[in-house]
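Data first, discussion second: the structure below is written as structure tokens.
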Amino acid sequence: MPPTEDVGTTITNAPGPAPLGEHLRSPSLGAAMLVQQEALYAAREFLRSRGFVELLPPLVGPVTDPGGRGAKALDVDYYGEPYKLMTSAILYKQASLRGFPKLFYIAPNLRVEPPETRHTGRHLVEFHQIDVEMAGASRADVMEIAAELLRHVTARVWETLPEVLSGLGRDPLAFAELLTGKFDACTHAEAVGRLRGHGHAQSADAEIDWTGEEALSREADRPFFITDYPKGSRGFYDREDPDRPGVLRNFDLIAHGGFGELVSGSERESDYATVVTRMRESGENPAKYEWYLAMAREGIPASAGFGMGVQRLIRFLTGLDALWQVSAYPKLPGVIAP
Amino acid sequence: MTTIRTPLAADGLPATAIRARARHGTREVFPPVAAYGAELFGAGSGAGSGADAGHGHADELDRARIVPPVFVPRRLEKLIELGREPLDDDVSLRTVIGGFDSALPLYLSAFGSTRAGSGDLGIAASRQAGRLGIPMVIGENMVPVHGYRTGAGRAAPSAITARIRAYLDECPEGTGGVVVQQSTEDADSEVWNLLYSAPETQPLLESGRLAFELKIGQGAKPGLGGMTVVDEADADRLGKRFAVRDTLGPGSRLRLASPGTYTEEIVRQQLRFMRNNFPRAKVWAKFHPGRDIANAASTAWRAGADAVTVDGAEGGTGWAPRVFLDHVGLPLAECLRRIGRPDGCLLVTGRMWEGGRVVRSLALGATAAGLGRAALVAVDEDPEDGLVRLVEALALESRLLISALGKYTTDALGPDDLWWPDRPTAPDLSTSYGTGTAGPHLTDTATAVAATADRIGGRA
């Protein structure tokens with residue numbers, strides 16, 4: 001039995017990938033890979049033009065970004081030491097600011113997502129993100145960079161591959177507002193209020209859940225930001241607003257049309273004592289982060305940055321239903337696949 | 001000339017204990033190493049060093065008498081409902097414990113990673129807890145100490161998966177639940193993350209019967225982390241994750257976990273993190289009997305905890321320094337006094353082995369009581385049915401007592417069902433208590449409990 005058949009037989013409305021050899025030959029994947037290639041080219045072009053240097057991210061380390069929303073890291077035996085495969089290279093991004101005040105990665109990540117996320121269409125165990133970090137930047141600075149990056153990539157893909165996008169059923173009108181208008185922003189509290197107004201039981205302390213995020217995304221005609229997530233919903237490195245305890249100086253960029261979150265970013269916490277305290281608040285044992293804390297003690301530059309999900313970006317551009325359709329080697333949560 | 005040396009007398013001092021310390025040093029701070037894994041420790045275990053150490057220890061909670069009234073309006077209600085005189089088996093013990101339906105106001109407490117609790121007895125207890133349809137808590141440090149994946153698949157499951165499977169194999173659908181603790185060193189092993197996507201826990205998640213418990217402390221050693229005795233080989237293996245010390249002398253090493261660092265904000269945020277990261281799991285928090293227990297419990301409930309467990313100073317199965325067993329932490333009765341009327345599901349542990357103690361706890365605000373040492377002794381007596389029989393006896397006692405009080409559900413119990421021998425004839429009902437730490441200083445715990453009983457009267 002092909003290892004992925006489980007998906008195809010259990011999801012009624014969203015069939016899963018065919019066996020890998022067949023999936024690789026599918027016309028929609030071919031189109032998506034052309035879009036991905038052009039999008040990555042455009043992203044590099046944009047970021048380099050803004051003075052960012054591309055580094056290659058590490059794959060393993062003694063720690064990685066602690067799992068969020070139930071996702072876990074995988075352990076590897078590293079000369080007898082338990083090392084982690086990167087769920088995100090955020091800690092290395094911050095450390096790298098020492099030598100590279102404006103940097104980016106096109107980073108592979110591995111998060112063993114809970115099986116319940118299999119049906120969201122927005123989760124893969126293996127994925128990539130465009131990771132950007134900038135020393136001395138504010139949240140507003142990097143929100144602007146994220147918005148311009150999205151505009152530049154979208155414009156470039158439409159310039160170079162209009163027939164591919166049209167062939168996938170994409171209408172240029174769907175991107176008109178994105179390319180011309182300013183992105184709206186609302187706070188997490190406002191988003192929670194809107195969802196509750198629709199009768200959706202969204203927690204005020206937690207991330208916007210998948211259903212709620214999709215609902216907000218469907219209501220919009222252009223991408224928009226959600227800012228000020230509550231502490232307790234994000235990692236220890238997102239900076240708490242000094243004037244508003246419990247509120248983080250962070251943001252998500254949500255695509256319109258039901259495609260959901262494309263970008264997560266924030267101002268970063270760089271003060272050593274605050275980082276240690278925030279680690280405890282997120283249930284972490286600071287001793288585990290020895291190398292990072294040693295560097296934070298010496299001084300990590302204040303910064304802001306974000307990660308833009310590559311597969312999510314390509315799905316948004318192509319309009320395909322699920323992330324597995326824009327991944328050459330899809331690994332769905334809870335599914336054993338090659 | 002030869003002098004015959006006679007032992008130096010020291011009236012008023014425990015000379016034997018001093019001499020033992022002179023001979024063995026830091027090893028004497030702990031119960032005998034030879035008893036580790038063969039004996040359970042906790043207040044009243046006789047392993048302590050103080051004057052009140054010893055068997056048959058009765059605490060404040062035991063001293064409260066259960067006092068049935070003459071007039072029983074609730075029985076009249078039940079009589080009307082049934083159309084006949086109610087009896088003890090008309091008492092319903094079914095309740096909701098931390099989000100789980102339970103056949104009884106009881107659950108299986110955590111045993112931790114000690115030798116006594118994580119071997120065959122732990123499995124036997126899990127199987128019987130499942131059969132009883134009561135929730136089961138799995139202790140912290142199981143994964144960092146015993147590992148998770150053994151590499152041999154189902155044939156050789158790890159300690160934690162073996163306990164979950166034993167429980168699930170017996171537990172009827174729609175009742176019970178599994179609660180997994182995590183403390184500081186477990187966070188390094190990401191126990192909750194491991195379990196949340198593990199195939200063996202999916203049936204629990206899908207039926208809403210998985211909870212994670214933030215382990216903040218334990219009754220037997222408030223302010224300390226987990227402690228186990230390990231041999232030299234295990235000491236080397238565990239040394240990277242835990243502190244390992246030579247405190248116990250040659251041949252044995254003491255493995256220490258950190259107690260973890262908590263402030264009000266850290267507790268609040270950790271619970272929020274749990275709710276954010278594991279939305280399909282229930283969230284529990286367990287505290288040691290600290291002097292600020294009322295504030296700790298209300299902080300946890302406000303942060304959305306489905307249950308708060310308070311381990312009275314009488315609680316704990318683990319290895320603890322003698323001085324902690326005798327002298328550290330508030331008795332459970334005082335914890336209940338300080339908490340007063342609970343704002344959420346309150347679970348209590350500490351020497352729970354008979355129905356009277358459970359009923360007293362329920363009357364003082366608890367939703368359910370945890371069986372720790374008593375459960376281990378019961379499965380040691382009979383691995384097949386020992387815990388089931390112990391619980392059957394305890395349930396019968398509870399039904400008889402609750403029925404005698406003229407009540408027929410556990411949540412109908414209230415502080416007026418109890419009386420302390422030294423209770424004043426006319427308690428000062430005008431006394432207003434704060435949230436615990438700022439309350440008035442009461443020199444007599446029994447008086448305090450009685451006064452609280454009046455204050456939270458009418459809970460039902």
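In what follows, every chain begins at residue 1, and chains take the letters A, B, ... in the order their sequences are listed.
Both the backbone and the side chain of A/Ser282 have a heavy atom closer than 4.5 Å to some heavy atom of chain B. Residue A/Arg234 touches chain B through its backbone alone, counting heavy-atom pairs closer than 4.5 Å. Contacts of B/Arg268 with chain A are absent, with no heavy-atom separation under 4.5 Å from either backbone or side chain. Within the 4.5 angstrom heavy-atom criterion, only side-chain atoms of B/Gln202, from C-beta onward, approach chain A. For chain B, the nearby part of A/Glu113 is the backbone; its heavy atoms alone come within less than 4.5 Å.
Salt bridge A/Lys84/B/Glu190: present, at least one basic N to carboxylate O contact under 4.0 Å. A salt bridge is defined here as a Lys NZ or Arg NE, NH1 or NH2 lying under 4.0 Å from an Asp or Glu carboxylate O, and A/Lys231 with B/Glu265 meets this definition.
The backbone N or O of A/Gly70 sits nowhere less than 3.5 Å from a side-chain atom of B/Asn277 that would complete a donor-acceptor pair.
Residues A/Ala71 and B/Asn193 share a closest heavy-atom pair of O-ND2, 2.6 Å.
Residue-environment remark: CZ (A/Arg297) stays at or below the threshold of 12 foreign heavy atoms within 6.0 Å. Other residues, nucleotides and ligands contribute more than 12 heavy atoms inside 6.0 Å of the CD atom of A/Glu190.
By the 4.5 Å heavy-atom criterion applied to side chains, A/Glu284 and B/Phe273 are not counted as neighbours. At least one side-chain heavy atom of A/Arg280 sits less than 4.5 Å from a side-chain heavy atom of B/Gln270. Side-chain atoms of A/Ser233 and B/Arg272, non-hydrogen and from C-beta on, never get closer than 4.5 Å to each other. Side-chain contact between B/Ser197 and A/Lys72 is present, with heavy atoms from C-beta onward closer than 4.5 Å.
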